[in-house]
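Here's the structure, in structure tokens; my notes come after.
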Protein chains: 2
Amino acid sequence: MSETGTPAKDQPDRDAQTGREPKTARGEATRRAILGAAEKVIGRQGFNEASIGSITREAGVAQGTFYIYFSSKDEVFSELVVEMGRMLRHVISEATGGMADRLEAEREGLRAFLTFVASRPELYRIVQEAQFVDPDAYRAYFRTFAEGYRQGLAEAAEAGAIRPGNADVRAWALMGIARALGEYSVVFGDTTPIDEVVDIAHDLIVDGLRK
Amino acid sequence: MSETGTPAKDQPDRDAQTGREPKTARGEATRRAILGAAEKVIGRQGFNEASIGSITREAGVAQGTFYIYFSSKDEVFSELVVEMGRMLRHVISEATGGMADRLEAEREGLRAFLTFVASRPELYRIVQEAQFVDPDAYRAYFRTFAEGYRQGLAEAAEAGAIRPGNADVRAWALMGIARALGEYSVVFGDTTPIDEVVDIAHDLIVDGLRK
DNA sequence: GAAAAACATGAATAGTGATTCATAATTCAT
DNA sequence: ATGAATTATGAATCACTATTCATGTTTTTC
């Protein structure tokens, strides 16, 4: 019965040796508690300073419990990166969904990004740190975003909604702006209201520096 | 012209307990070898994967020799971050020094940055990782850049060379573009020639997306 | 050309923290 | 109600690596 055959049940799990999935509500709650604690602790202290002990302490469970749901420290980390990607894509597409005007979509996408980042600063830092802890997850995260962004820009240019120009480089440049402004508030603690930052940046994105 | 006159000849010791400074040419060479090896190894493997042993092996010295010149693993790291800051400021001010046109200076600054980053990819990654390994050094690095950038933009706006607008947010946004494009090539291995990337980005910076 | 200073060595130390595991408690299925 | 499955515990293990240090070598000094 419990032979570990093909688990092609309901989880389209991509990864190889993932910690056991919880089978009861109790287990589900514990798993979530650990995941939330990991987000908080790793986001605050960084991957290497955050010990399994500090995570389980924060979660209110014993150290060994961690390994019931995750097979390693790296695994929770990766899961958090993937989670961030999912949430962010959702939030942004939600915010820009029905927008006809590409330039306005640009503004709302930026606002949604900065708002989300401000609401989950630890998760944001985790994605940044993924560059060093889990390069593959990091690259996947950015490639996915960049590709979507690139397409949007290419279509907008095609449709004559924006000036033509290399959509690939532009996508990276615009993601760079969003990222830098997120860092400006999360890492450097700037307190300028998001709406103000968004308007200033949007003005730059749309009309540039030229007088 | 090295009229910059930036640092004093040789600072005795900026930090608290720094490893002993070499007093002979031999010592100086060894110190440099270790610093270069650290740049290479840490930049490639990341701070935590890079062991002192792997650094000294790369440098061709014994493990204990490391501690003659550096008091800890963190210390080499910090020194590399500071070094990157110095070099980059030098390279950029060199490239934009005599430029009258602010918008052209923007282009050349970006080109200088990307060229430098491409020539020292490991050093670039180290600065990124500093956010997690040595947050103080990281913040100092960016604050310094941001402040210079902000001033330049504010003066240009004052002089009517560019459109008025919040120089602070703009500085961060523009630094974000540079950084993202650096990462695009170093981390994601894009092969678009620098000059092309620079022109595309510069076009965006100067005239924006609007048709 | 000696003693001193500076430099170099690499094996030993020592602290850390991820992971395991034997055991126990709780919940589920019938 | 009861055996099976699942979940939880936390002390012990175990590998890893930064740092130290006693000793040896090279360079400088006079």
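Side-chain atoms are counted along with the backbone in the values below, which use heavy atoms only and exclude waters and symmetry mates. Lettering of chains follows the sequences in order, A, B, ..., and the numbering in each one begins at 1.
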What pairs with [X] under salt bridge (charged side-chain N to carboxylate O under 4.0 Å, His left out), at least two apart in sequence or on another chain?
| X | answer |
| --- | --- |
| A:Arg44 | A:Glu122 |
| A:Glu28 | A:Arg32 |
| A:Asp195 | A:Arg111 |

Q) With sequence neighbours excluded, what pairs up with B:Arg57 under the side-chain contact (heavy atoms from CB on, under 4.5 Å) test? A)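 Expected list: B:Ser54.
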Q | Listed partners of A:Glu49 passing side-chain contact (heavy atoms from CB on, under 4.5 Å), at least two apart | A |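 For A:Glu49, the residues satisfying side-chain contact (heavy atoms from CB on, under 4.5 Å) (neighbours in sequence not counted) are A:Gln45.
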Q: Just grab all the ring-ring contact (aromatic ring centres under 6.0 Å, His included) pairs involving residues 114-138 of chain A, residues at least two apart or on different chains.
A: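 Checked against ring-ring contact (aromatic ring centres under 6.0 Å, His included) - neighbours excluded - the pairs reaching residues 114-138 of chain A are A:Tyr138-A:Phe142.
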(Q) The criterion is side chain to side chain donor-acceptor pair (under 3.5 Å); which residues satisfy it with B:Glu147, sequence neighbours excluded? (A)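 Counting only residues at least two positions away or on another chain, B:Glu147 forms a side chain to side chain donor-acceptor pair (under 3.5 Å) with B:Arg150, B:Gln151.
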Write down the protein N/O and nucleotide N/O pairs, taken from nucleotides 28-30 of chain D, whose separation is under 3.5 Å; answer none if there are no such pairs.
none

Q: Ignoring backbone atoms, establish whether B:Arg26 has a side-chain N or O less than 4.0 Å from OP1 or OP2 of C:dA8.
A: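 Affirmative; the distance criterion is met.
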Nearest whole Å is fine: how far is [N] [atom2] from [X] [atom1]?
| X | N | atom1 | atom2 | value |
| --- | --- | --- | --- | --- |
| B:Ile68 | D:dG24 | CD1 | C1' | 12 Å |
| B:Phe70 | D:dT20 | CZ | C1' | 18 Å |
| A:Arg20 | D:dA5 | CZ | P | 12 Å |
| B:Arg57 | D:dT17 | CZ | P | 10 Å |
| B:Ile34 | C:dT9 | CD1 | C1' | 12 Å |

(Q) If the threshold is 4.0 Å, N to carboxylate O, is there a salt bridge linking B:Glu94 and B:Arg89? (A)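 B:Arg89 and B:Glu94: not salt-bridged.
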Q | B:Tyr69 side-chain proximity, nearest of C:dC7, D:dT7, C:dG10 | A |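 Among the listed nucleotides, the one closest to the side chain of B:Tyr69 is C:dC7.
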Q: Could you run through nucleotides 13-22 of chain C and give me one letter per nucleotide, 5' to 3': B if any protein heavy atom sits under 4.0 Å from the base, S if only the sugar-phosphate is that close, - if neither?
A: -----SBB--
